[in-house]
Amino acid sequence: MVLSLVSICAKEVVSDHSSSPCWLRWVPRELYRPLLEASFASCRPLAVGELVQRWPERTLRVGRRRKQGQSGPNRLCIQALLLAVVRGLSDKRCALHLLDLCGLQGDEGGMGDPMGGWSLTVALCTMVVQARAGAQRTQRERKRFSALERETDVKRERGQRKRGKETNGDDETNTNNKELGGNDRERMGSHGILGEEQLIKGVRRRMEIERKREIAMTGLGGSSRNETEEKDVNSDVLVHVRADLFVNARSWERVRGALSSMGPLKLQCRYLRVEEISVSNIRTLLGMLPRQGLLGIDVRYSSLGLAGLAELLPLLATFPALNSLRLHYCNLDFRGDQPGQEEALRDLSQGLTQLRELRRLSLTALRLPGQLRVLLSSLPQPLEILELPYLSLSPADLAYLSCSHHASTLQQLDLSENHLDENTLTSIRRLLSQASSSLQHLTLSGCGFTDSLLGLLLPTLGGCRALKSLALALNPLSIAGLMDLVRMAVRMPSLRQLLYPNPLEDYQPGLPDLPTSAQLLDWPLDEITDINITSSQLNRVLIESGRTDLFLTCDLLNYDKDLIHNSSQESALSWRLFQMSRGSCSSESQLSSSGNNHCSASSAARSMSMSMSKVTELTYCWKKTDGEDILDAKSGTSGLSPPATVEGTTSTDVTDDKWPELAITASVWTRSHSTTEPTDVPANTNMAFPGLKQQHCTCIKH
């Protein structure tokens with residue numbers, strides 16, 4: 001990623017916090033965004049706080065879609081941002097009105113110490129509660145100061161009235177005092193001194209009116225002072241905070257407190273994820289959320305039941321923009337022999353008819369065999385994303401789905417872990433034919449496809465001209481069936497990712513003839529089998545077809561269909577490395593023909609000090625800062641080769657002047673079934689060759 005001149009200068013400016021008082025007051029508003037991005041990238045929480053506290057624009061979006069290779073803000077920077085938002089409420093220089101943090105959450109414990117969804121939700125709720133408490137404290141101080149001012153005014157006016165009487169004389173009798181007293185009061189009024197009647201109508205009258213108002217409000221209870229303070233505080237929301245919320249049993253009370261209390265910060269939700277929460281609590285939570293802006297809800301590990309889901313659907317219908325509903329392991333078991341099940345299913349169908357903007361529906365492990373027509377036929381709009389894993393779909397369910405009004409509009413379909421056989425093959429082929437022009441992501445992992453069954457489906461799969469990713473992991477395919485699959489994949493120009501299963505020949509003996517997906521997942525691979533055979537055969541098909549943009553992987557855990565751009569780059573690198581492994585160029589010839597621009601890959605490998613249980617291949621790719629490939633070298637397969645010297649140079653001649661930036665792709669090959677786990681290896685893995693695990697080291701300074 002090439003940095004612009006503005007980004008480089010912004011990174012240099014925020015690097016020294018001691019100089020911020022000198023330049024912060026003179027920064028134009030159009031440079032606040034580059035400075036904030038540089039502060040996030042360089043992990044400068046103090047700079048983040050100072051910039052956000054005086055943010056000059058009405059909108060601040062931090063959780064936007066990140067660029068290629070760009071990591072999200074770490075935990076310290078996010079905490080500094082939230083604290084600065086609270087401080088900015090009392091800063092006249094801050095013009096912030098909308099804080100958009102949607103998509104900001106990362107994986108807990110990931111690279112760069114990001115803040116996960118649960119931690120971010122708790123931090124946001126704490127910020128809202130603290131801002132409300134600060135506003136109430138300010139309101140009480142303002143009232144106390146007003147009361148002191150009123151008391152001072154009363155004393156001052158009393159003193160003025162007393163001095164006015166002394167100057168006009170007090171020696172007259174009470175019987176003759178009425179008319180003279182009236183003249184005195186008129187005379188005092190003419191000199192700017194309030195009379196007693198005006199005094200009563202002024203300060204005391206105002207105090208009596210306020211006291212009567214407070215007494216009237218305390219008629220039903222003794223908490224009127226807090227209610228009055230809340231009304232005063234809630235009258236003006238200064239900043240709207242929009243984010244994705246993650247609520248479970250531990251954070252439920254805090255989220256409820258933040259949503260129920262109004263103050264200068266108002267919390268809004270884009271996507272709501274709840275886990276292990278009862279139906280009543282979910283209903284309460286939905287009742288507190290603002291009706292505008294909620295796009296999706298994800299319910300996981302909550303025992304809803306058919307009746308509970310039917311109870312929630314009318315509440316979901318009150319959110320006009322809701323387009324995504326995901327239910328995972330929510331105990332939606334349909335049993336026709338139990339009383340009330342049919343009625344609950346009808347209520348569920350009627351509730352789904354009210355979700356008029358629904359475009360995504362995910363149902364995981366709900367065990368509703370034969371009831372797919374009841375659920376999907378009631379939806380008023382055709383779905384674009386349909387995920388039905390572990391749903392025990394029957395042939396009747398698949399037959400309805402292939403003929404439904406959803407088939408021609410599907411962009412993403414997940415039927416994994418639903419057993420498919422010859423009885424359902426006709427429906428699957430009809431479904432894929434209907435969705436051939438729109439389907440982009442297809443998942444058929446663990447569906448029991450054999451070589452013969454997949455061979456009958458391959459022509460229909462090849463007709464899906466918009467397909468970008470295809471997942472067929474944990475299917476009992478042989479090496480022959482796998483080769484047919486790859487030959488079909490290279491003829492699909494739009495396909496960018498293929499998740500394929502390990503062939504049956506790679507497993508240890510004793511595997512059943514038709515193993516299940518669970519057996520394939522648990523069964524160890526064969527240590528004796530050459531781990532490069534499958535990789536070589538598949539990559540040979542890619543090379544012969546010229547498909548450098550197609551990424552092949554069998555890494556089920558790290559497979560992500562959304563990282564298509566990344567996978568294309570990995571596939572190109574995999575192709576270059578494979579060409580080297582075929583002997584097109586040896587390490588020695590690469591080193592000797594490259595002159596002084598090369599250095600030893602083995603010496604750099606030793607400097608990394610990676611301790612492994614088994615290292616079968618170690619490959620490095622050296623790059624200059626302009627992205628030009630300088631060296632591709634491969635060491636031996638049984639260990640690291642001795643230090644190699646470059647013609648005319650040694651490994652110690654490589655300095656920062658020659659190599660300002662070193663991009664190392666350390667491909668560490670280990671068996672995926674090995675019981676001995678490698679140590680001191682980065683946790684972020686990606687597969688570049690089938691059957692192997694590849695570890696990537698990020699860019700470091702040499």
Side-chain angles (χ1 to χ4, degrees), residues 272 274 277-280 282-283 285-287 291 294-300 302-415 418 424 427 430-431 434-435:
L272 175 64
V274 296
I277 295 181
S278 63
V279 177
S280 59
I282 296 176
R283 186 173 61 247
L285 181 62
L286 293 175
R291 289 296 176 262
L294 183 64
L295 301 182
I297 180 172
D298 186 351
V299 183
R300 304 189 180 196
S302 300
S303 184
L304 298 181
L306 292 176
L309 181 58
E311 184 180 352
L312 293 179
L313 288 178
L315 289 177
L316 296 178
T318 60
F319 297 93
L322 186 71
N323 57 29
S324 175
L325 176 61
R326 308 182 68 182
L327 304 173
H328 302 281
Y329 303 96
C330 292
N331 194 23
L332 295 183
D333 296 343
F334 176 76
R335 298 179 181 177
D337 55 345
Q338 293 184 356
Q341 293 287 303
E342 295 288 347
E343 182 180 358
L345 195 61
R346 286 195 300 268
D347 295 340
L348 181 61
S349 177
Q350 294 177 359
L352 289 173
T353 58
Q354 304 175 21
L355 304 180
R356 303 193 176 276
E357 298 298 326
L358 193 66
R359 294 295 183 272
R360 176 173 186 169
L361 180 62
S362 301
L363 307 174
T364 302
L366 302 186
R367 293 188 294 276
L368 298 172
Q371 305 299 325
L372 193 63
R373 177 188 296 271
V374 180
L375 297 177
L376 300 186
S377 62
S378 57
L379 295 175
Q381 298 293 335
L383 295 172
E384 297 177 357
I385 300 177
L386 181 60
E387 298 173 336
L388 305 173
Y390 297 95
L391 212 62
S392 303
L393 296 177
S394 64
D397 293 330
L398 294 173
Y400 161 75
L401 183 60
S402 63
C403 301
S404 66
H405 64 293
H406 306 286
S408 59
T409 61
L410 288 176
Q411 299 179 10
Q412 181 174 326
L413 178 63
D414 186 356
L415 298 177
N418 288 285
T424 59
S427 299
R430 185 189 305 117
L431 174 61
Q434 292 288 333

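Quick caveat: nothing in here was measured; it's all calculated off a predicted structure. If you read the sequence from its start, that first residue is 1, and numbering goes on from there.
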Side-chain touch L348/V374, heavy atoms, less than 4.5 angstrom: no
Who pairs with S303 by side chain to side chain donor-acceptor pair (under 3.5 Å), at least two apart in sequence or on another chain? N331
Determine which pairs satisfy salt bridge (charged side-chain N to carboxylate O under 4.0 Å, His left out) with at least one residue from residues 401-415, sequence neighbours left out, and list them in order. none
Rounded to the nearest 0.5 Å, how far apart are CG of L358 and CG of L352? 7.5 Å
Distance (rounded to the nearest 0.5 Å) between L388 CG and L375 CG: 9.5 Å
Salt bridge (charged side-chain N to carboxylate O under 4.0 Å, His left out) pairs, two or more places apart, involving residues 353-363: R360-E387
I'd like to check L386 versus L401 (side-chain heavy atoms, cut-off strictly below 4.5 Å). Are they in contact? yes
Side-chain heavy atoms of L272 within contact of L286, under 4.5 Å: yes
Just to verify, what does S402 make a side chain to side chain donor-acceptor pair (under 3.5 Å) with, not counting sequence neighbours? R430
Point-to-point distance, once rounded to the nearest 0.5 Å, from OG of S392 to CD of Q371: 12.5 Å
Restricting to side chain to side chain donor-acceptor pair (under 3.5 Å), what partner residues turn up for S394, sequence neighbours left out? D397
Check whether any side-chain heavy atom of T424 sits under 4.5 Å from a side-chain heavy atom of N418, and report yes or no. no
R346: which residues meet the side chain to side chain donor-acceptor pair (under 3.5 Å) condition with it, sequence neighbours left out? none
Going from OG on S362 to CG on L383, what distance comes out if it is rounded to the nearest 0.5 angstrom? 9.5 Å
A399: partners by side-chain contact (heavy atoms from CB on, under 4.5 Å), with sequence neighbours left out: S427
What pairs meet the side-chain hydrogen bond (donor to acceptor under 3.5 Å, both in side chains) rule with one or both residues in residues 312-326, with sequence neighbours excluded? R291-T318
Of all residues at least two apart in sequence or in a different chain, which pass the side-chain contact (heavy atoms from CB on, under 4.5 Å) check with T353? S378
Spatial distance of atom CG (L325) from atom CD1 (I385) [nearest 0.5 Å]: 12.5 Å
Indicate yes or no: at least one non-hydrogen side-chain atom of L391 is less than 4.5 angstrom from one of L366. yes
State the CD1-OG distance between I282 and S280, to the nearest 0.5 angstrom. 8.5 Å
Quick one: ring pair (Phe, Tyr, Trp, His ring centres under 6.0 Å) pairs with a partner in residues 371-413, sequence neighbours left out? none
If you apply the rule side chain to side chain contact (heavy atoms under 4.5 Å, CB included), what do you find for C330 with V299, and how did you get there? CA-CA 7 Å; C330 292; V299 183; 3.9 Å; yes
For residues L322 and L355, determine if any side-chain heavy atom of one lies less than 4.5 Å from a side-chain heavy atom of the other. yes
What pairs with Q350 under side-chain contact (heavy atoms from CB on, under 4.5 Å), at least two apart in sequence or on another chain? D347
Once side-chain contact (heavy atoms from CB on, under 4.5 Å) is applied, do any residues pair with V279, and if so which ones, sequence neighbours excluded? R283, L304, E311, L312
